[in-house]
Amino acid sequence: MHHTPIFVGCFIFLCSIICCYADAGSGCSKTSPLVDFESEFKMVQHQLRGSFRIIDDCSFRVSNFDMLSGTDVHWWGAIALDFTNFTSGFVVSDQKLNETYKNASFVVRLKKNVKWDQIQVIAAWDLPAASDFGHVVLQRPENGSAGSPNMAPSPSEGGNSGEEMKPVYIEPTTFENCKVLADNYRVRWTLNTKDKLIDIGLEAAIPMTNYMAFGWANQSESSNLMIGADVAVMGFKEDGVPLVDDFYITKLSECMINKDGTVHGVCPDTIFEGSDPVVVNNTKLIYGHRRDGVSFLRYQRPLVTIDRKYDMPINHTENMTVIWAMGPMKPPDAIRPFYLPQNHGGTYGHLVLNVSEHVNDCLGPLAAEDNEDQDVVIADANAPLVVTSGPALYYPNPPNPAKVLYINKKEAPLLRVERGVPVKFSIQAGHDVALYITSDLLGGNATLRNMSETIYAGGPEAEGVQASPMELTWQPDRNTPDQVFYHSIYQPKMGWKVQVVDGGLSDMYNNSVLLDDQQVTFFWTLSEDSITIAARGEKKSGYLAIGFGSGMINSYAYVGWMDETGKGRVSTYWIDGREALNVHPTKENLTFVRCKSESGIITLEFTRPLKPSCTQGHGPECKNVIDPTTPLKVVWAMGAKWVDEHLSERNMHSSRSSRPMRVLLMRGSAEAEQDLQPVLAVHGFMMFLAWGILLPGGILAARYLKHVKGDGWFQIHVYLQYSGLSIVLLGLLFAVAELRGFYVSSVHVKFGIAAILLACMQSVNAYIRPNKPANGEVASSKRILWEYSHAIIGRCAIGIGIAAQFTGMKHLGDRYDSENVHGLIWALISWFMIIALMAIYLEYRERQRRRDRTIGRSNWVLGNDEDSVDLLGPTISIEGKESHPSGTMEVQLEPLRR
């Protein structure tokens with residue numbers, strides 16, 4: 001019992017020993033010499049700030065941590081800061097940083113297999129972009145004591161002045177205090193009373209060409225605080241170099257130098273007296289950068305200056321009025337060789353500030369709407385882009401190699417190109433730099449990183465030098481993504497982004513026409529098996545619809561609209577009536593679909609196959625075939641609102657086309673749809689007159705009128721055939737002229753052309769016929785062959801011509817959805833049935849007459865004395881002279897011989 005206190009004391013002693021080597025509750029030792037190492041993060045991107053401290057062998061603490069969110073951000077370790085080693089690092093913790101941090105503090109635990117002796121650099125690292133947001137360089141202590149890199153005395157008061165200040169590394173972005181001046185403007189400061197200095201940092205989410213101003217007002221002024229104020233004006237030069245200058249305000253105007261040499265306005269101190277700038281300009285630039293669209297500059301000034309006339313003394317223990325402003329900055333010119341602030345445009349203010357009181361109301365990092373600061377190069381179709389290589393100074397995605405790409409003498413600029421406009425490159429970057437346009441953010445041949453990429457232009461052959469540059473042309477099209485990248489195929493991260501924008505739609509598409517009423521422009525580009533289509537309204541609307549058909553009824557419609565989230569949508573439908581219930585969604589295979597609304601103007605785009613693939617079903621979209629050789633009838637409609645389902649009367653159109661436009665896809669033109677039924681009716685009547693009356697009549701005359709004395713049958717045959725052929729040709733020319741096109745696409749046209757060609761061959765055949773044999777002579781083989789071919793071609797022509805009649809009627813029905821066509825088809829069938837019955841009757845009578853004459857004359861002679869045996873009849877008899885002692889042989893040939 002008496003040993004219990006001793007046991008408890010030993011236990012407490014052992015626990016105290018363990019605590020010397022392990023963090024409470026972590027179960028991790030503290031054997032690494034880096035334990036208790038402290039530093040500030042170096043800001044690289046995404047407004048990363050914070051303090052770093054190693055707790056033990058397997059964890060570290062992050063305090064007051066600010067960072068804008070990234071894509072896939074992890075804690076990263078590397079053995080060195082150089083590009084090769086840094087990018088070859090590894091993830092050191094399972095914790096992810098995929099959110100925005102605002103003054104956060106937390107502990108990060110390393111992975112089990114990660115030791116501090118493996119790491120020289122700790123960074124917040126975005127994996128997809130291989131991008132460093134901010135890092136800490138670990139410094140091994142000397143003489144056994146932990147230290148920090150680049151140790152410098154802290155500018156803080158540190159309490160009692162007699163205490164020795166702890167050496168820490170101070171990042172220029174770190175301050176003890178922060179005050180919000182505006183939503184996008186902050187002032188930070190650290191007071192050093194020992195050296196009677198104050199470090200001030202200004203940060204604002206503003207354009208690079210704008211200035212930031214901050215200073216102390218004339219404390220004796222109560223109405224106009226800016227008159228007599230002492231302010232520091234800072235910003236960036238055109239080349240990105242930061243600047244700060246000491247200004248004095250005598251008038252609320254731009255700095256002006258009068259003819260007598262007097263100066264008034266917002267002017268630098270040096271312009272008033274022209275004295276020693278070291279004495280007059282009491283601001284000292286410490287650091288400045290542009291990151292993520294945010295300007296940050298740190299400067300230092302004494303609390304009390306030598307210049308009593310133009311500088312305001314700062315009493316750090318009292319409340320004093322300070323003023324601030326932002327606005328555009330004017331670069332130097334021949335008259336005023338200074339960077340001068342211009343009108344602040346209403347962005348200014350004032351407040352009461354005691355710099356000795358601790359203030360920190362800056363919650364989280366500043367976020368700029370436009371965070372892209374790189375130079376922009378806009379491609380011009382008439383001038384090549386000169387691609388060279390040079391040293392990396394302001395590369396936008398660190399870390400980066402020492403040498404990067406320059407375009408038109410600008411370091412890794414944002415390249416902006418337009419779809420449909422050729423981009424020409426003159427590559428002079430050296431034989432070790434081969435330019436290519438890729439989908440990969442990093443470049444350098446993504447396959448080496450086991451990644452896939454799409455290469456749009458360039459490659460290993462796209463290299464050259466100034467003496468012999470290599471010319472490369474690339475034309476982005478509408479299917480090119482909005483963002484791609486230019487890089488070297490041999491080295492990653494040498495280039496930057498290519499912004500692909502929609503210029504004029506006319507540049508992106510090969511053809512365009514205005515539809516009916518000139519309210520919608522229709523664009524298209526044909527390829528081998530697909531068509532890319534765009535439509536743009538010319539007035540504001542909630543949705544835009546285009547349809548393929550003679551009207552919205554019985555049409556295939558494509559509707560472009562913006563949903564409730566503001567996302568563009570393109571939906572497809574089959575419309576078979578006038579009510580909302582007659583609008584049926586379809587499942588067309590659309591690709592590269594886009595829809596946008598600019599100031600209420602809807603533009604829709606999509607790519608679709610010319611012939612839909614219907615392997616998964618048999619919906620109405622299966623019949624939505626586009627034949628480039630046939631005019632495409634296009635209609636349009638606009639309305640106030642569209643929904644994807646549950647359509648109602650509220651979704652009905654407010655305006656529509658009054659008639660369809662016939663778009664000639666191959667020609668790149670269009671014409672208003674006209675009522676061609678009269679034209680087609682005349683064409684059809686002419687063809688019926690020829691193929692249904694004249695040409696069959698000519699054949700019947702040659703077949704069944706030979707028993708008539710004389711050559712009357714021949715004259716009738718010739719006149720009817722040539723009359724029919726003439727009417728056929730006239731009907732063809734009439735249709736071609738009225739339709740303004742001759743396209744061998746439909747079945748009707750193919751049958752018609754075949755019939756006309758055969759009919760023309762008949763006329764040529766008749767002209768070159770061999771002479772008939774004289775009485776008593778045997779017909780030559782040429783004559784017999786001609787008679788066979790003439791009869792066969794003629795009958796084939798009639799058969800194909802009749803087929804063309806029926807396919808023509810069907811084509812008319814498909815074109816106009818006319819119910820009368822069915823009646824006309826039955827009438828045509830009836831007519832040709834009558835002709836067929838008539839031919840059967842005449843054939844019967846002809847065979848009967850031949851049989852009677854054969855019995856009466858006891859020979860095979862049919863017809864008059866000049867007739868001969870019918871070669872196309874059921875029997876053929878050609879007897880030689882030895883069978884006819886009289887020397888007379890009569891042969892009947894069919895259908896004609898003249």
Pair Ser527-Ser530, side-chain donor/acceptor within less than 3.5 Å: yes

Worked check of ring pair (Phe, Tyr, Trp, His ring centres under 6.0 Å) between Phe548 and Tyr558: CA-CA 9 Å; Phe548 298 158; Tyr558 303 83; 5.2 Å; yes

With sequence neighbours excluded, residues passing ring-ring contact (aromatic ring centres under 6.0 Å, His included) with Trp524: Phe522

Ring geometry between Phe806 and Phe832 (parallel below 30°, tilted from 30 to 60°, perpendicular above 60°): tilted

Contact check, side chains of Trp786 and Lys782, non-hydrogen atoms, under 4.5 Å: no

side-chain contact (heavy atoms from CB on, under 4.5 Å) assessment of Leu725 paired with Ser763: CA-CA 9 Å; Leu725 180 59; Ser763 63; 3.9 Å; yes

Shortest non-hydrogen contact from Ala690 toward Pro696: O-CD, 3.7 Å

Nearest heavy atoms of Gly668 and Asn511, plus distance in Å: CA-OD1, 3.4 Å

Under-4.0 Å salt bridge between Glu588 and Arg608: yes

Side-chain H-bond candidate by donor/acceptor type, Gln848 with Arg845, under 3.5 Å: no

Polar side-chain atom of Glu621 near backbone of Pro612 as donor-acceptor pair, under 3.5 Å: no

Spacing of Leu526 atom CG and Leu610 atom CG [to the nearest 0.5 Å]: 6.5 Å

Chi angles and distances behind the side-chain contact (heavy atoms from CB on, under 4.5 Å) call for Leu544, Val520: CA-CA 9 Å; Leu544 170 63; Val520 175; 3.7 Å; yes

Set of side-chain hydrogen bond (donor to acceptor under 3.5 Å, both in side chains) partners for Asp502, sequence neighbours left out: Arg419, Arg594, Lys596

Trace of the ring pair (Phe, Tyr, Trp, His ring centres under 6.0 Å) decision for Trp713 with Tyr704: CA-CA 8 Å; Trp713 69 271; Tyr704 302 113; over 10 Å; no

Leu720 to Leu694 - nearest heavy-atom pair and separation: CB-O, 3.5 Å

Between CG on residue Leu664 and CG on residue Leu632, distance to nearest 0.5 Å: 9.5 Å

More than 12 heavy atoms from other groups under 6.0 Å of OH on Tyr509: yes

Trace of the side-chain contact (heavy atoms from CB on, under 4.5 Å) decision for Ile792 with Cys796: CA-CA 6 Å; Ile792 293 173; Cys796 290; 4.1 Å; yes

Side chains of Met638 and Ile602 in contact at under 4.5 Å (non-hydrogen atoms): no

Flag for Thr586-Thr572: side-chain donor and acceptor within less than 3.5 Å: yes

Stepwise side-chain contact (heavy atoms from CB on, under 4.5 Å) check, Ile575 with Asn554: CA-CA 5 Å; Ile575 304 176; Asn554 294 328; over 6 Å; no

Considering all heavy atoms, the nearest Val570-Cys595 contact: CG2-CB, 3.9 Å

Partner residues of Tyr573 under the ring-ring contact (aromatic ring centres under 6.0 Å, His included) criterion, sequence neighbours left out: Trp642

Lys424 side, atom NZ; Thr473 side, atom OG1 - distance, nearest 0.5 Å: 6.0 Å

Ser657 side chain to Trp636 backbone, donor-acceptor under 3.5 Å: yes

Leu837 atom CG: more than 12 heavy-atom contacts under 6.0 Å: yes

Any side-chain heavy-atom pair of Leu604 and Trp561 under 4.5 Å: no

Gap separating the CG atom of Asp477 from the OG1 atom of Thr532, nearest 0.5 angstrom: 8.0 Å

N/O donor-acceptor pair under 3.5 Å between Ser555 side chain and Ala557 backbone: no

Check: Gln519 main-chain N/O paired with Asp517 side-chain donor or acceptor under 3.5 Å: no

Euclidean distance, Ile798 CD1 relative to Gln762 CD, rounded to 0.5 Å: 9.5 Å

Distance (rounded to the nearest 0.5 Å) between Ile829 CD1 and Leu824 CG: 11.0 Å

Thr607 and Arg478: side chain donor to acceptor below 3.5 Å: yes

Parallel, tilted or perpendicular: ring planes of His717 versus Phe714, cut at 30 and 60 degrees: tilted

Side-chain heavy-atom pair Met661, Lys633 within 4.5 angstrom cut-off: no

Validation row: His584, Asp576 side chains within 4.5 angstrom (heavy atoms): yes

Residue pair Leu505 / Glu605, side-chain heavy-atom distance below 4.5 Å: yes

Heavy-atom pair of closest approach, residues Gly537 and Ile601: O-CG2, 2.9 Å

Whether Trp474 and Tyr456 hold their rings parallel, tilted or perpendicular, with breakpoints at 30° and 60°: tilted

Minimum-distance pair of heavy atoms, taken over all atoms of Val663 and Ala670: CA-CB, 4.0 Å

Close side-chain approach of Val634 and Pro660, heavy atoms under 4.5 Å: no

Side-chain donor/acceptor of Asp516 to backbone N/O of Ser658, under 3.5 Å: yes

Donor-acceptor pair between Thr521 and Glu538 side chains, under 3.5 angstrom: yes

4.5 Å side-chain heavy-atom contact, Phe523 and Ile533: no

Whether Thr807 side chain and Ala804 backbone form a donor-acceptor pair below 3.5 Å: yes

